[in-house]
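See below for the structure under consideration.
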Amino acid sequence: MPSPTYYVSTPIYYVNDAPHLGHAYTTVAGDVLTRWHRQRGEKVWFLTGTDEHGQKIMRTAEANGVTPQEWCDKLVGEAWQPLWEHLNIAHDDFIRTTQRRHTDRVQEFVQDLYDKGEIYKGGYEGPYCVGCEEYKLPGDLIEGEGGAQLCAIHKKPVELLKEENYFFKLSAYGPMLLEFYEANPGFIQPESARNEVLNFVRQGLQDLSISRSTFDWGVPVPWDPQHVIYVWVDALLNYATAVGYGADDARFEEIFPADVHLVGKDILRFHAIIWPAMLMANGLPVPGRVAANGWLMVGGEKMSKSNLTGIKPQDLTSHFGVDAYRWYFLRAIAFGQDGSFSWEDFTARYTSELANDYGNLASRVAAMVGKYFGGELPAPAADGDAEQAVKEGLAKAAAEADRRIGDELDFQGGILAVFDFVKQVNGYLTEQEPWKVAKDESPEGRARLATILYTAAEALRGVAVLLNPVMPETSGRLWDSLGAEAALGALVDQRVQEAGGWGALPAGAKVTKGAVLFPRLEEKPE
């Protein structure tokens, strides 16, 4: 049974360096999804945070001459949390895996598994990627210069590790996982990701090493403090500890499990295999869906600091603006697929779709209501076929956007549905030529002009509601320009599933022409 709260999480991000566009891509997607469900009137919980244990963090801190905790505190306080505020991310919680509310509960969870006989002591030897914090299988490696074995993701040599570890009996859960996947075909998205996981599990799972004994930056194993808990076991449990596991049973029951885990495809197996198996082993419910987004590519390489292709989001927001940034990546890239970023593509889409189509429409409508009706939205007269087509277009756009974004996580499809409607309204104005109709000062001419401008303004009212989860600042300015705040109340209280209804904006609303929604871009900075 789904919980009463719509619960969405991003991965918790490693703090070995500052965030780049790839991190922000997933987080903005989560923010848009949860804002959408809030505007459906649902109770929502949106979680993000930082992953602060493990060998990679320890080595990074050592290289910078500080303790691991000092490094984490600096990066979280100076880079991660300020960026989410800058990008208008409305998360409900930000968890750090070094917090006691997390570490104590992690020890309890692992102790429960140990007491149930799900964990045993053994030894392991194999290739380990510190970047992934993961032992690698032969199929996960590629050959480098001189025959060196490289991690296929980070393109760096793996290390051969041999140590005594504790193991979770993951292999026993293969049949149970396959049965679960069969009964819940929508658990893993997209379909390509589901197929990858199914094929991997069908080949047979190996037991999972859940402790490390060669370093100490981690959560101590409660029954053997010479070991620390494997960083991925520690990290995955944030989705439970953040919502009250072991500390607030009522809150935990209300929120857990997550409806949607948003993850990058490189960490899909952890979330779609290890995480549900851990929950099954401890008798806890599994998530509703694991949705894997693709990689952002630059020059054919996955965007990352290790590949020297990391780009700071602020490099783009300082030029295009925060709302355009939020819009661009979800509009330009189909969620779940890889996508390439380029400055030229962003510029072209900004100019064509945001500035020319959307922004110019808002400016024209406000200017004409001001010029011809003194800024007071006129009451429409009888509708014709053209007005009926606009009404039907809004209803269709609203229904499609709600289904695609709210249910299917098809952000691109939902945004395009709204912008197709924006194009329709622009076409309506071009065909109706209100600037020519305004020359007819007869009662019939005035009535016709009133109908045209009311139709365009009411269409923009619907667009403002539908784009608010994507571009909240811009939608708020348009809402104010239409006089909708005074007439209809706060924009955040408007229901997206009702945005397609017609006639909400009342005649007499005070329409004002504010600042241009999407200013002309300056030259690209060097």
Side-chain angles (χ1 to χ4, degrees), residues 7-13 21-30 32-33 47-48 51 129 131-134 136-137 139-142 151-154 170 173-206 208 232 235-236 239 257-280 286-297 301-304 329-330 332-340 403-414:
Y7 176 20
V8 176
S9 74
T10 72
I12 50 172
Y13 302 107
L21 297 184
H23 304 117
Y25 175 55
T26 311
T27 308
V28 168
V32 171
L33 180 61
L47 174 69
T48 190
D51 187 359
C129 173
C132 293
E133 295 281 13
E134 179 186 18
K136 293 294 182 177
L137 299 174
D140 298 327
L141 301 174
I142 58 175
C151 167
I153 295 174
H154 290 92
L170 179 64
Y173 287 88
M176 194 180 304
L177 286 167
L178 289 173
E179 182 180 345
F180 173 74
Y181 300 150
E182 181 69 25
N184 299 275
F187 174 66
I188 304 170
Q189 293 181 343
E191 187 68 20
S192 58
R194 170 181 161 80
N195 292 335
E196 175 197 324
V197 169
L198 284 171
N199 292 335
F200 185 83
V201 177
R202 283 170 180 155
Q203 294 171 13
L205 297 175
Q206 297 182 3
L208 176 70
W232 265 106
L236 289 166
Y239 306 127
D259 292 83
V260 179
H261 286 310
L262 297 176
V263 302
K265 68 178 183 179
D266 50 335
I267 57 173
L268 173 64
R269 292 179 191 173
F270 295 102
H271 288 82
I273 299 173
I274 296 172
W275 178 226
M278 287 167 52
L279 293 171
M280 290 173 178
V286 299
R289 181 167 22 174
V290 176
N293 61 257
W295 287 342
L296 292 185
M297 313 292 283
E301 291 282 344
K302 176 197 174 190
M303 190 173 295
S304 69
F329 287 97
L330 296 183
I333 301 169
F335 197 78
Q337 299 178 18
D338 293 347
S340 295
R403 173 177 58 83
R404 288 185 178 272
I405 295 176
D407 298 332
E408 300 174 3
L409 276 62
D410 178 6
F411 302 101
Q412 183 186 64

When rounded to the nearest 0.5 angstrom, what is the spacing between [atom1] in [X] and [atom2] in [Y]?
X      : Y      : atom1 : atom2 : value
His23  : Leu296 : NE2   : CG    : 10.5 Å
Met176 : Glu179 : CE    : CD    : 8.0 Å
Tyr173 : Met278 : OH    : CE    : 11.0 Å
Phe200 : Asn195 : CZ    : CG    : 15.0 Å
Ile274 : Leu279 : CD1   : CG    : 12.0 Å
Ile267 : Thr26  : CD1   : OG1   : 8.0 Å

Problem set entry | Check against side-chain contact (heavy atoms from CB on, under 4.5 Å), Trp275 and Val290 | CA-CA 10 Å; Trp275 178 226; Val290 176; 5.8 Å; no
Exercise. Is there a side-chain contact between Leu409 and Leu262 (heavy atoms, below 4.5 Å)?
Worked result: yes
For this session: Answer whether the closest heavy-atom distance between the side chains of Val201 and Tyr181 falls below 4.5 Å.
Result: yes
For this session: Given side-chain contact (heavy atoms from CB on, under 4.5 Å), test Arg269 with Glu196 step by step and report yes or no.
Result: CA-CA 9 Å; Arg269 292 179 191 173; Glu196 175 197 324; 3.7 Å; yes
Give the minimum heavy-atom separation between [X] and [Y], together with the two atoms involved.
X      : Y      : answer
Tyr25  : Gly294 : CE2-O, 4.3 Å
Gly174 : Leu205 : CA-CD1, 3.9 Å
Leu33  : Gly406 : CD1-O, 4.2 Å
Ala193 : Ile188 : C-CG2, 3.7 Å
Thr27  : Thr10  : CA-CG2, 3.9 Å
Ala277 : Leu170 : CB-CD1, 3.5 Å

For this session: Could you walk me through whether Thr48 and Tyr13 pass the side-chain contact (heavy atoms from CB on, under 4.5 Å) test, one step at a time?
Result: CA-CA 8 Å; Thr48 190; Tyr13 302 107; 3.8 Å; yes
Exercise. Would you call the rings of Tyr239 and His271 parallel, tilted or perpendicular, where under 30° means parallel and over 60° means perpendicular?
Worked result: tilted
Residues 332-339, side-chain donor-acceptor partners within the protein, below 3.5 Å, at least two apart:
unit_1 : atom_1 : unit_2 : atom_2 : d
Asp338 : OD1    : Lys265 : NZ     : 3.0
Asp338 : OD1    : Trp295 : N      : 2.8
Asp338 : OD2    : Lys265 : NZ     : 3.0

